[in-house]
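Have a look at the structure below before the remarks.
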Amino acid sequence: MLIADKLVFVEFRNTGASHVEKLLLKIVGGEVDNKHKAPPEAILASGRPIFGSVRDPWGWYLSLWASGCAQQGDLYQRLISDKAWVKVTEKIDANAKARSEQAPADQVKRVVLPEDLSAERAKNFWYADPENVEAFREWLRVVCSLQTRRAVDPNMAKSPIGKIAGLMTYRYFNLYVRGTAQMPVTVGTQEGLRAFEAQNSIVQHVIRQDSLTEDLVKALERSGIALSDEQRKMIYDTKASGRPARTERFYDEASVELVARREKFFIERFGYQRPHV
């Protein structure tokens, strides 16, 4: 999070936020708080405009996985921990036994999980090679499964969001929607999520990675910040670091559909289109 006199930028990791933050530091100055959390009420009450950032969910998951392959991020730390998997695997086994004694589950919506769900699998396969397409797809099934959400994020597992949306939507709400931690359990539908966000969003300006420079210039101008020709040129000339998302290579139809189903709120909220694979 960047806190400046004229604005506050709340960083949503893996959305090009670091690039935006560097540009804003040069333009408006301020201090950087690297805790990656929602701004406190004191900042919200100050009246400064809040900037946020988003990107397409398919690229976001690929970037999140790549960060794990570089041994970075909270999700990486959780999935390589033996502690994260003990209760999860016990519950999955118990649920499987219960299903075998009842009517068969809806196989269309059920995510087929790998037999090996463990910290060892995370370290030696999911995160071992950033060029391994099959490792990414298996990791994605694990991260997007309802059955494993306790391992992915214990707080998401407790939230109503965890049952109807994925990790990206959950993180978006935690950063940009006031009251998410106290969200009532009655918010159990996509319509409920949309209504809750509309009533409680703290963000005035959203910067999309796919139109980052244009969105940033518009956000600054609408916030009353006059840009010099030199600053405007810097925004348009500076390129974000990192490699392209390469979604066409890493995704197949099944994985595209999986993200589309879990991140339905986010895709509809920002009008993202499925990648062609």
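Computation of the quantities below employed the complete heavy-atom set of this structure, encompassing side-chain atoms and omitting hydrogens, waters and symmetry-equivalent molecules. Treat the numbers as computed from the prediction; the structure is a model and nothing was measured.
L44 and V177 fall within the same hydrophobic cluster, where Ile, Leu, Val, Met, Phe, Trp and Tyr residues are linked whenever their side-chain heavy atoms come under 4.5 Å apart, directly or through other members. A continuous path of ILVMFWY side-chain contacts below 4.5 Å connects L25 to I235, so both sit in one hydrophobic cluster. Taken together through direct or relayed side-chain contacts under 4.5 Å among Ile, Leu, Val, Met, Phe, Trp and Tyr, V152 and V86 form parts of separate hydrophobic clusters. Follow the hydrophobic side-chain contacts under 4.5 Å out from L146 and you never reach Y61; the two are in separate clusters. Side-chain heavy atoms closer than 4.5 Å link hydrophobic residues (I, L, V, M, F, W, Y) into clusters, and following such links, possibly through other members, connects F9 to M234.
Remark: the backbone N or O of M156 is not paired with any side-chain donor or acceptor of R149 at under 3.5 angstrom. With R48 contributing its side chain and I43 its backbone, the two residues share no donor-acceptor pair below 3.5 Å. Without hydrogens or angle criteria, E263 side chain to T169 main chain gives a donor-acceptor distance under 3.5 Å. For the pair S223 (side chain) and A219 (backbone), a donor-acceptor distance under 3.5 Å is present. Formation of a donor-acceptor pair under 3.5 Å by the Y176 side chain with backbone atoms of S53 is found in this model.
At a threshold of 4.5 Å between non-hydrogen side-chain atoms, the residues V206 and F270 count as touching. L64 is listed as a side-chain neighbour of R171, based on a closest heavy-atom distance under 4.5 Å. Two residues are said to be in side-chain contact when any heavy atoms from C-beta on lie closer than 4.5 Å; L227 and V217 meet this criterion. You'll find the side chain of F250 stays beyond 4.5 Å of the side chain of V277, heavy atoms only. Between L216 and L24, some side-chain heavy-atom pair lies under the 4.5 Å cut-off. In this structure the side chain of C144 never reaches within 4.5 angstrom of the side chain of R261, judged on heavy atoms.
Annotation: cation-pi pair R269/F265 absent, no NZ/CZ under 6.0 Å from the ring centroid and within 45° of its normal. A cation-pi arrangement is found for R208 relative to Y272, the charged atom lying closer than 6.0 Å to the ring centre and inside a 45° cone about the ring normal.
A salt bridge is defined here as a Lys NZ or Arg NE, NH1 or NH2 lying under 4.0 Å from an Asp or Glu carboxylate O, and R137 with E134 meets this definition. Salt bridge present: E131 and R246 bring a charged side-chain N and a carboxylate O closer than 4.0 Å. Using a cut-off of 4.0 Å between Lys/Arg side-chain N and Asp/Glu carboxylate O, K264 and E268 are scored as salt-bridged. A salt bridge does not link E90 to K87: none of the charged nitrogens lies less than 4.0 Å from a carboxylate oxygen. For the pair R274 and E253, the salt-bridge criterion is not met [side-chain N within less than 4.0 Å of a carboxylate O]. Between R13 and D74 there is a salt bridge, since at least one side-chain N of the basic residue sits less than 4.0 Å from a carboxylate O of the acidic one.
K218 NZ: 12 or fewer foreign heavy atoms inside a 6.0 Å radius. Summarising the local packing, CZ of R150 is surrounded by 12 or fewer heavy atoms from other residues, nucleotides or ligands at distances under 6.0 Å. Heavy atoms of other residues, nucleotides or ligands lying less than 6.0 angstrom from CD of E191 number more than 12.
Nearest heavy-atom pair, I164 versus G188, reported as atom, atom and distance to 0.1 Å: CG2-O, 3.3 Å. Considering every non-hydrogen atom in both T15 and R55, the closest pair reads CA-CD, 3.8 Å.
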Apply side-chain contact (heavy atoms from CB on, under 4.5 Å) to L140 and W65, showing your working.
CA-CA 8 Å; L140 185 68; W65 172 72; over 6 Å; no

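Here the CD1 atom belonging to I202 is positioned 8.0 Å from the CD atom belonging to Q204, to the nearest 0.5 angstrom. One finds the CZ atom of F125 at 5.0 Å from the CG atom of N132 (value rounded to the nearest 0.5 Å). Distance check, rounded to the nearest 0.5 Å: CZ of R222 to CG of L220 gives 11.5 Å. Annotation: the span from W139 atom CH2 to S255 atom OG amounts to 11.5 Å, rounded to 0.5 Å.
When ring centroids are compared, Y251 and F136 come within the 6.0 Å threshold. Here W60 and F266 keep their ring centres 6.0 angstrom or further from each other.
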